[in-house]
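Everything on this sheet refers to the single structure shown next.
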2 protein chains.
Amino acid sequence: MTCGDHFETGLAVKDLDVVLASAISRLQRRLRSEKAVDQIGETQRLVLARLVREGPHTLGELSDRERVKPPSMNQTINSLVELGYVERQDDPTDGRKVILVATSTGRLLIEESRRRFYEWLQAALSTLNEDERVLLGDAAILIGRIADS
Amino acid sequence: MTCGDHFETGLAVKDLDVVLASAISRLQRRLRSEKAVDQIGETQRLVLARLVREGPHTLGELSDRERVKPPSMNQTINSLVELGYVERQDDPTDGRKVILVATSTGRLLIEESRRRFYEWLQAALSTLNEDERVLLGDAAILIGRIADS
DNA sequence: TGAGAGTACTTAGGTAACCTAATTAGGTAA
DNA sequence: TTACCTAATTAGGTTACCTAAGTACTCTCA
């Protein structure tokens, strides 16, 4: 395969809407079934991972980032707080705000959960070559941009 | 940008698990909110679209294709039947099977729904160039392959 | 030919993750 | 200090999945 080629010339772009939506739905379902080993769901894992990776956020910031309404995020946060993975802290400068921080337990869970997820993903990716992995990384960025557009 | 380059060298592949999962979740949510104009949900639309595109299927075939358990697919089909978009027919050769066929109303809905979806997607894709669209098409195929692996 | 095993669909009941509408509490500015 | 704005939360509902169990049909083979 040389520069400019792609895997299924023409076809790939023609049915982009259906092919992309279908592929994404299927991967989402697969991810959901794979994570079942964990104590937390996919949504909770993504939020907790963000708190660990990027540090404390307010509820509003989190719901914006994840493209979810505040009440939905609040529910996710409630379960993470109940499980002891996240802590609510008062914002010293604005009493309306609540600062959400991952606890050390939460940090630990994400490290382990992420390692396990990587195992599955690496197995799945083992059928792909390096070029394809790079392509997928680029595509993830594009998909994120579309989602947020 | 020349052959071999990609948009965020190194970074793209390094955090592939989180970046990909997050991007997919966000696009899924966006799709869900965009389709809200339709009478049917994203899941139903995907199934009905498949019936229109690929012709009649049994329930088992559909649930396999969509990576869902048979009872879940049955529920989706029930709602499509109630709305008059899909018809159940007996399999003449195997009394256990049920053949699912899109009605003409269903076919019509998909055509309209798809045109509308394309409008949104084209708008979203207008921020991308042709190379990026091709990349996204290729990635969709890879994602589908991973989901089904 | 008629049990026993297997397959395909369906029903029942439950859960996770979203939503909108309304409420509470804290901030801001005329 | 009243009136409005913003942030988080509560209440209640929907959708789309799941597992377990049941029904109806087909196939196999003694």
Side-chain angles (χ1 to χ4, degrees), chain A residues 21 24-48 56-83 86-100 147, chain B residues 21-22 24-48 56-83 86 88-100 147:
Chain A
I24 281 178
S25 284
R26 270 146 52 216
L27 183 54
Q28 189 92 322
R29 287 177 194 129
R30 181 61 180 267
L31 288 179
R32 192 164 28 213
S33 68
E34 287 299 326
K35 67 75 209 179
V37 197
D38 272 336
Q39 298 116 312
I40 60 172
E42 166 74 359
T43 304
Q44 297 166 329
R45 201 187 66 84
L46 283 172
V47 171
L48 183 53
H57 286 68
T58 65
L59 189 87
E61 284 166 356
L62 275 183
S63 61
D64 279 355
R65 297 290 210 109
E66 295 291 336
R67 292 201 64 80
V68 164
K69 300 297 176 190
S72 306
M73 184 53 69
N74 195 46
Q75 202 173 356
T76 302
I77 291 299
N78 277 342
S79 64
L80 287 171
V81 169
E82 265 175 36
L83 291 165
V86 167
E87 239 183 31
R88 282 193 168 89
Q89 290 176 7
D90 293 338
D91 186 318
T93 71
D94 187 339
R96 296 167 303 176
K97 293 185 179 177
V98 172
I99 301 187
L100 302 163
Chain B
S22 172
I24 282 177
S25 286
R26 270 148 50 219
L27 182 54
Q28 188 91 322
R29 286 176 195 130
R30 182 60 183 269
L31 288 179
R32 195 165 24 213
S33 67
E34 287 299 326
K35 66 76 207 181
V37 197
D38 273 334
Q39 296 116 314
I40 61 173
E42 166 72 0
T43 303
Q44 298 167 327
R45 200 186 68 83
L46 283 173
V47 171
L48 184 53
H57 285 68
T58 66
L59 188 89
E61 284 166 355
L62 276 183
S63 63
D64 280 354
R65 298 288 210 110
E66 294 292 336
R67 291 201 65 81
V68 164
K69 300 297 176 189
S72 306
M73 184 52 70
N74 195 44
Q75 203 172 357
T76 302
I77 291 298
N78 277 342
S79 64
L80 287 172
V81 169
E82 265 175 38
L83 291 166
V86 168
R88 282 194 169 90
Q89 292 176 6
D90 293 339
D91 186 318
T93 70
D94 186 339
R96 295 166 304 177
K97 293 186 180 176
V98 172
I99 301 187
L100 303 164

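Comparing C:dA17, D:dC17, C:dT20 by their closest approach to the side chain of A:Lys69 singles out C:dT20. Looking at the side chain of A:Asn78, the nearest of the listed nucleotides D:dC17, C:dA17, D:dT10 is D:dT10. You'll find that the side chain of A:Arg32 is closest to D:dC17, out of D:dC17, C:dT10, D:dT9. Among the nucleotides D:dT9, D:dC17, C:dA17, the one closest to any side-chain atom of A:Val98 is D:dT9. Minimum atom distance to the side chain of A:Asp94 is reached by C:dG26, of the listed C:dA21, C:dT11, C:dG26. The listed nucleotides are C:dC9, C:dA17, C:dA21; the one nearest the side chain of A:Gln75 is C:dA17. Among C:dG27, C:dC19, C:dA17, the nucleotide with an atom closest to any side-chain atom of A:Thr43 is C:dA17.
Between the CZ atom of A:Arg88 and the P atom of D:dA8 there is a distance of 10 Å, given to the nearest Å. Between the CD atom of B:Gln28 and the P atom of C:dC18 there is a distance of 10 Å, given to the nearest Å. Whole-Å rounding puts the A:Ile24 CD1 to D:dA16 C1' distance at 17 Å. We find that CG of A:Leu46 is positioned 10 Å from P of C:dA17, with the value rounded to whole Å. Atom CG in A:Leu59 sits roughly 19 Å away from atom P in C:dT24 (whole-Å rounding). For B:Leu62 and C:dT10, the CG to P distance is 11 Å, given to the nearest whole Å. Distance NZ (A:Lys97) to C1' (C:dG27): 11 Å, rounded to an integer number of Å. Computed from coordinates, the A:Asn74 CG to C:dA17 P distance equals 15 Å when rounded to whole Å.
Minimum heavy-atom separation, B:Val68 to B:Met73: CG1-N, 3.8 Å. In terms of heavy-atom proximity, A:Pro92 sits nearest to A:Ile99 at CD-CD1, 4.5 Å. Of all non-hydrogen atoms in A:Arg67 and B:Arg29, the two that sit nearest each other are O-CD, 3.5 Å. Closest of all the heavy-atom pairs between B:Pro70 and B:Leu59 is O-CD2, 3.8 Å.
When side chains are defined from C-beta on, B:Ser63 does not count as touching B:Lys69, because their heavy atoms never get closer than 4.5 Å.
With both pairing distances under 3.5 Å, C:dG13 is matched to D:dC18 as a Watson-Crick or G-U wobble pair.
The side chain of B:Arg29 places no N or O atom within less than 4.0 Å of a non-bridging phosphate oxygen (OP1 or OP2) of C:dA17. Taking side-chain N and O atoms only, B:Ser72 has a distance below 4.0 Å to OP1 or OP2 of D:dC18.
Projected onto DNA chain C by closest heavy-atom contact, A:Thr76 and A:Thr93 fall at different nucleotides, the more 5' of which corresponds to A:Thr76.
Residue side chain A:Arg96 reaches the base of D:dT6 through a donor-acceptor N/O pair under 3.5 Å, judged by distance alone.
In the displayed structure, A:Asn78 atom CG is contacted under 6.0 Å by more than 12 heavy atoms of other residues, nucleotides or ligands.
Note on B:Thr58: only backbone sugar-phosphate atoms sit closer than 4.0 angstrom, heavy atoms only; bases stay farther off.
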